[in-house]
Amino acid sequence: TEIREKFKILHEGLRSNLTSIIQKYLTEIGKDAQLAETISHQIFILIDGSYYFINMIPDKNEQELHLKTAKKLAKTLLGL
């Protein structure tokens with residue numbers, strides 16, 4: 001459908017931008033910038049899964065706990 005195509009284009013643009021940012025970061029810290037696309041995909045998987053999972057939890061405190069865990073995983077992917 002038209003909406004699906006527009007969403008796909010938006011999503012691909014966001015992933016491309018994130019990949020570019022990660023490439024720059026990896027280059028600055030002296031790591032292999034070829035990993036940027038893989039890391040970008042992993043972060044998007046983490047974000048999408050976390051968004052779905054966290055929004056299924058009614059308790060706001062538990063949501064916050066899982067959000068903190070997701071942030072830590074994203075930082076680990078970036079080597080922080």
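Quick caveat: nothing in here was measured; it's all calculated off a predicted structure.
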Distance in Å, L80 CG paired with Y25 OH, rounded so as to fall on 0.5 Å steps: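 Between L80 CG and Y25 OH, I get 4.0 Å after rounding to 0.5 Å.
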
Would you say I3 has more than 12 foreign heavy atoms packed within less than 6.0 Å of its CD1?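 It does not: I3 CD1 has 12 such atoms or fewer within range.
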
Is the number of heavy atoms from other residues, nucleotides or ligands under 6.0 Å of E12 CD greater than 12?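 Count over threshold, so yes.
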
Between CD1 of I54 and CD1 of I47, what distance do you get to the nearest 0.5 Å?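 Here the interatomic distance stands at 11.0 Å.
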
Take E5 and K8 through the side-chain contact (heavy atoms from CB on, under 4.5 Å) test and state the conclusion after the steps. CA-CA 5 Å; E5 273 304 307; K8 182 180 176 190; 4.3 Å; yes

When you look at H11 and F44, which way does the side-chain contact (heavy atoms from CB on, under 4.5 Å) test go after all the steps? CA-CA 10 Å; H11 185 76; F44 263 87; 3.3 Å; yes

Stepwise, does the side-chain contact (heavy atoms from CB on, under 4.5 Å) test hold for D32 with L26? CA-CA 6 Å; D32 184 4; L26 292 174; over 6 Å; no

Same cluster (ILVMFWY, side-chain, under 4.5 Å), M56 and L67: no

Between CD1 on residue I39 and CD on residue E37, distance to nearest 0.5 Å: 11.0 Å

Run the side-chain contact (heavy atoms from CB on, under 4.5 Å) check on I9 and K6 step by step: do they pass? CA-CA 5 Å; I9 291 168; K6 287 182 179 183; 5.6 Å; no

Ion pair E64/K60, N-O distance below 4.0 Å: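 Looking at K60 together with E64, the answer is no, because their closest N to O distance does not fall below 4.0 Å.
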
Rounded to the nearest 0.5 Å, how far does OG1 of T69 lie from CG of L46?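 Going from the CG atom of L46 to the OG1 atom of T69 covers 10.0 Å.
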
What is the distance from atom CG of L78 to atom CD1 of I29, rounded to the nearest 0.5 Å? 8.5 Å

What are the two closest heavy atoms between R15 and S40, and how far apart are they?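 That would be O-OG, 3.3 Å.
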
Please answer: with hydrophobic residues joined when any side-chain heavy atoms are less than 4.5 Å apart, are I43 and L14 in the same cluster? yes

Nearest 0.5 angstrom please: E62 CD to I57 CD1, how far?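 CD1 of I57 is found 4.5 Å from CD of E62.
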
